[in-house]
Structures are given as structure tokens and as C-alpha cells.
Amino acid sequence: MSKEKLIVALDVNNRAEAMSLVKELAGVTDFFKVGMELFYSEGVGIVREIAAAGAKVFLDLKLHDIPNTVGRAARVLVRSGASIINVHAAGGGAMMRAAGDSAREEAAKLGLPAPAVVAVTVLTSIDSNAFTREMGYTGAIEDRVRTWALLARESGLDGVVCSPREIKMVRKACGPDFKIITPGIRPAGSDLNDQRRVMTPGEAIKAGASQIVIGRPVTGAPDRCAAAAAILAELSGA
Ligand SMILES: O=C(O)c1cc(=O)[nH]c(=O)n1[C@@H]1O[C@H](COP(=O)(O)O)[C@@H](O)[C@H]1O
């Protein structure tokens with residue numbers, strides 16, 4: 001099982017803690033997610049520092065704005081050294097196309113590897129009750145995820161972020177090469193926290209996830225390395 005299947009979310013607000021996690025987990029995973037908290041605290045330097053330490057970075061800023069604004073931001077993020085960047089599918093097809101096209105163009109211009117550009121669909125913290133009653137969406141979450149996944153693919157993006165519950169449906173709709181990155185991962189018996197559409201690491205890989213994203217069950221564990229190693233072992237056994 002490639003350790004790249006496991007992405008650990010560095011949801012911390014300082015480089016010292018982030019880099020100690022990167023070093024501590026080096027033997028178990030070399031793929032880390034930098035989200036808003038760490039990026040707004042430390043800036044693009046933290047992405048470069050993690051990459052310089054030999055690890056890969058999923059830079060999770062969920063770009064969501066008009067096509068011009070997102071396209072220009074995607075160009076800037078190419079220079080960060082991130083291997084994956086994300087946008088929010090709710091921004092529509094023109095925005096997603098602007099993100100993917102701009103990232104590829106800028107990478108070619110700079111002679112850098114283009115990051116994979118994926119679209120976040122329905123957040124894993126949203127359950128069907130919140131989706132329909134509170135947010136006023138009609139239809140099932142799965143239908144919305146399918147629509148946005150197909151739109152992301154049509155817009156030239158590399159994949160989606162969705163919950164493990166939608167993996168099989170997206171795989172069927174978007175084909176074998178489409179990246180399906182799933183947070184909402186909880187080892188059996190662990191606290192859900194604010195996650196609502198979840199699966200265990202083994203279930204998600206068996207369902208066909210390209211990569212899984214996990215944060216608190218690792219970063220909040222007494223022995224973070226052991227927690228990550230146990231997840232990797234579960235992925236290998238799946
Ligand atoms: O885009 C993401 O990474 C993301 C999308 C989503 O739908 N759900 C979700 O949890 N995430 C991120 O994945 C990570 C999950 O963290 P834990 O709940 O601590 O495992 C967090 O950093 C979230 O920001």
C-alpha cells in the first residue's frame with residue numbers, strides 16, 4: 001500500500017508544531033494537508049518548508065470566487081510547491097475551468113509541475129438533515145455530489161473531495177482515473193467530532209478512494225506516530 005494514500009491534516013496554527021508533526025510522521029506518511037489555519041498563520045513559507053523536507057502538500061484553501069479571481073489565485077499557488085490545490089465546486093464550471101487551466105498554464109510557463117486541482121463537493125460535516133432542512137437543497141446529497149463531480153470533470157479538473165459515502169457513485173460516474181480524496185475518515189470507535197458522513201480508513205480504501213485525509217484521530221492521539229501507523233496498516237490490509 002503506497003503511503004501516499006494517507007494524507008494527514010496539519011490543523012495547527014504554528015510552524016513549530018506543523019514541522020514537528022511532519023518529522024515525527026516521516027516514516028509513516030509523506031503527504032500532509034495545509035489548511036486555512038496554518039496557511040493564514042504562517043503563509044506560503046510553510047508549504048515550501050514541508051516540501052523542502054521531502055514531503056508532499058495538499059494545500060486546502062477551497063478557492064471560491066469569480067473565475068478571474070480564482071484563476072489568478074491558482075497561478076500564485078502553483079509557485080507554492082503544493083502537489084494538490086482545491087476549489088469549491090459551488091463556484092461553478094467556469095470557475096473550475098479557470099482554476100485548472102490557469103494552474104496548468106502557469107506551471108508550464110515556470111517549468112514547474114502542475115498541482116492536481118480538485119473540487120470540494122458537499123462538506124463531510126453536512127448530514128442530510130442539514131442539507132435539506134437547514135440549507136434548503138432539494139434532492140439527496142449524493143445527487144448534488146454527482147452533479148458537481150461530473151461538472152468538475154467536464155471543467156478539466158483532476159478530481160473531487162467528497163465523503164467516503166459517495167466514493168462508489170463518483171467512481172462509477174467519473175471513471176477510474178478521477179481522483180477521489182475523502183476526509184470524513186474515522187478509525188472504528190473514534191470520536192466523530194464534527195464529521196457526519198464518515199467511514200473507517202479500510203472501508204474508504206475498499207470503496208475506491210484515491211487518498212484519505214485524516215486529522216484529529218492522528219494529531220490528537222497520545223502517540224501520533226502509532227496512530228498514523230495503525231491507520232496505514234489498516235489501509236494495507238484493506
Ligand atoms: O477539503 C478538505 O480537506 C475537507 C473537506 C471536507 O468536506 N471535510 C473535511 O473535513 N475537510 C478537511 O479534512 C480535515 C479533516 O480533519 P479531521 O476531522 O480532524 O480528520 C480537516 O482539515 C478539514 O478541513
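Order of listing sets the numbers, starting from 1, for every ligand and every atom in it. From a predicted model like this one, the values you see are computed outputs, not experimental measurements. For the numbers below, each heavy atom of this structure counts, side chains included, while hydrogens, waters and symmetry mates do not.
Closest of all the heavy-atom pairs between M19 and A53 is CE-CB, 4.2 Å.
The residue among P183, S125, G220, A9 with a heavy atom at the shortest distance from atom 11 (N) of ligand 1 is P183. Of the candidates T124, V160, I181, the one placing a heavy atom closest to atom 8 (N) of ligand 1 is T124.
Of all atoms in ligand 1, numbered sequentially from 1 with element shown, those under 4.0 Å from a heavy atom of R216 are 17 (P), 18 (O), 19 (O), 20 (O). Near G215, meaning under 4.0 Å from one of its heavy atoms, ligand 1 places the atoms 16 (O), 17 (P), 19 (O), 20 (O). In summary, the atoms of ligand 1 found under 4.0 Å from a heavy atom of N86, numbered by their order in the structure, are 1 (O). The atoms of ligand 1 that sit less than 4.0 Å from any heavy atom of D11 are 21 (C), 22 (O). Close approach of ligand 1 to R186 is summarised as follows: ligand atoms under 4.0 Å from at least one heavy atom of the residue are 17 (P), 18 (O), 19 (O), 20 (O). Set against the non-hydrogen atoms of I214, the atoms of ligand 1 under 4.0 Å away are 20 (O).
The protein heavy-atom contact nearest to atom 15 (C) of ligand 1 is Q195 NE2, 3.6 Å. In this structure, atom 23 (C) of ligand 1 lies nearest to the protein heavy atom K33 NZ, 4.0 Å. The closest protein non-hydrogen atom to atom 1 (O) of ligand 1 is K62 NZ, 3.1 Å.
Taking the charged nitrogens against the carboxylate oxygens, R79 and E106 do have a contact shorter than 4.0 Å, which makes a salt bridge. A salt bridge links R224 to E24: at least one charged side-chain nitrogen sits closer than 4.0 Å to a carboxylate oxygen. Classification of D177 and R153 as a salt-bridged pair fails, no side-chain N sitting under 4.0 Å from a carboxylate O. Under 4.0 Å is where a charged nitrogen must lie from a carboxylate oxygen, and between D60 and K33 at least one such pair does.
Ligand 1 is never approached by M36 to a heavy-atom distance shorter than 4.0 Å. Not a single heavy atom of N193 lies less than 4.0 angstrom from ligand 1.
With sequence neighbours left out, the salt bridge (Lys or Arg N to Asp or Glu O under 4.0 Å) criterion links R97 to no other residue.
Put simply, the side chain of K5 reaches to within 4.5 Å of the side chain of I205, judged on heavy atoms.
Shown are I212, I185, V28; of these, the side chain to side chain contact (heavy atoms under 4.5 Å, CB included) with I231 is made only by I212.
Cation-pi geometry between R146 and W148 is not met at under 6.0 angstrom from the ring centre and within 45 degrees of the axis.
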